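If you're wondering where the values come from, they're calculated on a predicted model, not measured in any experiment. To find a chain, count down the sequence lines: A is the first, B the second, and so on, and within it residues start at 1.
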Amino acid sequence: MIWNPNKECMSREQMRELQGKRLQKLVQYVYHNVPFYRNKMQEMNVSPEDIVTIDDIVKLPFTTKQDLRDNYPYGLQAAPASEIVRVHASSGTTGNPTIVGYTRKDLAVWSEVMTRCLTAFGVTRDDTFSVSYGYGLFTGGLGAHYGVENLGATVIPASTGNTEKHIRLIRDLNITGIACTPSYALYLAETLDKMGIDKSEIGLRVGAFGAEPWTENMRKEIESRLGLKGYNIYGLSEIMGPGVSYECQEQNGSHINEDHFYPEIINPDTLEQLPYGEQGELVFTTLTKEGMPLLRYRTKDLCTLMDGECPCGRTSVRMGRIVGRSDDMLIIRGINVFPSQVESVILEMPEFEPQYMLVVDRVNNLDTIQVQVEVRKDFFSDDIGSMLAMKKRLSDKLKSVLSIAADVRLMEPGSIERAQGKGKHVIDKRKLQ
Amino acid sequence: MIIRQLSIFLENRTGRINEVARILAENGINMQAFSMAETADFGLLRLIVPDVDKAVEVLRAADIAVMVTDVLCVNSPNVPGALSAVLEKLAANGIFIEYMYAFSDGDSANVIIRPNNIEEAVRILS
């Protein structure tokens, strides 16, 4: 099903024309309302009149997370305060959080794009849908919430926490869909096992999973343990929140709502725009945003963009899976390591729970990486030799995938901390020194 | 005779063994014998208790990775040469010992043996 075929199936030519017009308008708007952008454009000798088609976007300045922090709290806001009806903030683990204000129209656009996502996942007004992203300053909860309402399905604002009660609601209210992080979906599956409830006793059929990168193996794991079909939904609070892109039934990349969010892939070192198919950093321009519009916002997410027709009928550009974040990347003894690489190895091995923690340290000026992984109950053995062999199998696989040796630590099941929101997979002790 | 032994996987973490001991104590389960095998990052605690099923239940409820393994318990007089005689028989019949530990109680001694072929070991010793 397609919620808005006029936009989602627009011809490429029409889409580019629409994007060009919207970009022109956007640049005029920020130039006259956001001193930060006016100054940057003047420094670069670019005026709003230089922007005619969407291809002129390369003339415009980039925006980084640091720019958002430097202009905390409202420096990048373009709309007057009286027009702002809601504010969200991103988790600021270091430094200032990022504050994003939304106008009434921004919220309407957000609901619309969220509804497109849910419709693509096969959710209809007949579904009962649990939103298990955190409600609050985080965009996940309320963003998904209003999408479900806009679609006309029944929303259960479960948020996170109190997982056993949530599972009882899933069973008793016959909840058919759920939006949460993939980490939380796994935690739900685990809690289900603990409560002794079989997946056949619950009616979940659709999962909208996002807010953190996940792998194809993790999808299989969640699908088989919860008995649903899992779809990727992508978004970030700086741009809007969940709903920036979504998978269709083909699950060959995520369709970008590019009438609102214009995507580019750049080389993060040279900042040059890269052609479709090449991997680099994903950049978005908010074509229609009023509250806090951003030009060429660098997401730090690494992926590829794909064009070409999709058998689902949508014509929009798709983004591949996020392979990592440029700031997630660990450099261990000069070699780039992404937590997602470790995750895919662990998920391929039935001996281990899909929980892991990477502990990076520097010992005698040499980086070390320890991979803590939980052994599944059925795979414990009284025989030390076979336990050590299990450990060696994982070390060998990691070595071949990462090109560096990792110290594997076998852990008891349940001993690695479970995430209710975004999963935490790295402890880098090097930064503490 | 063949008896059931608890094998518990433990991360090398301060206080972890004590947790096992505490849970058993709280449930009134006495440890008759135990042995600890360790590697650099994990250990296997092997325990003989009177009520295996109850011990498994309370340990699992506390999320402790416990499994039950069949081992051989050989009772012999607590005198020099008794153990040697048992081991001699097993070796002569090609039985390999994966691990063993023992405890004595006055005049008699009990040896817990995990042989590579438990049925065969029982046949040889009986």
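Within 6.0 Å of atom CG in B/D107, 12 or fewer heavy atoms from other residues, nucleotides or ligands are found, so the atom counts as exposed in its surroundings.
Using a 4.5 Å cut-off between heavy atoms, B/I8 makes no contact with chain A at all. Of the atoms belonging to B/F42, it is side-chain heavy atoms, and not backbone ones, that fall under 4.5 Å from chain A.
Between A/I331 and A/R430, the shortest heavy-atom distance links the atoms O-NH1, 2.8 Å.
Contact check for A/D428 versus A/D361: no side-chain heavy atoms found under the 4.5 Å cut-off.
Ring geometry, A/Y133 versus A/F138: the interplanar angle exceeds 60°, so the pair is classed perpendicular (tilted spans 30 to 60°).
Listed options B/L44, B/T39, B/V66 were ranked by heavy-atom pairs under 4.5 angstrom with chain A; first place goes to B/L44. Across B/I64, B/V68, B/D63, the residue that shares the most heavy-atom pairs under 4.5 angstrom with chain A is B/D63.
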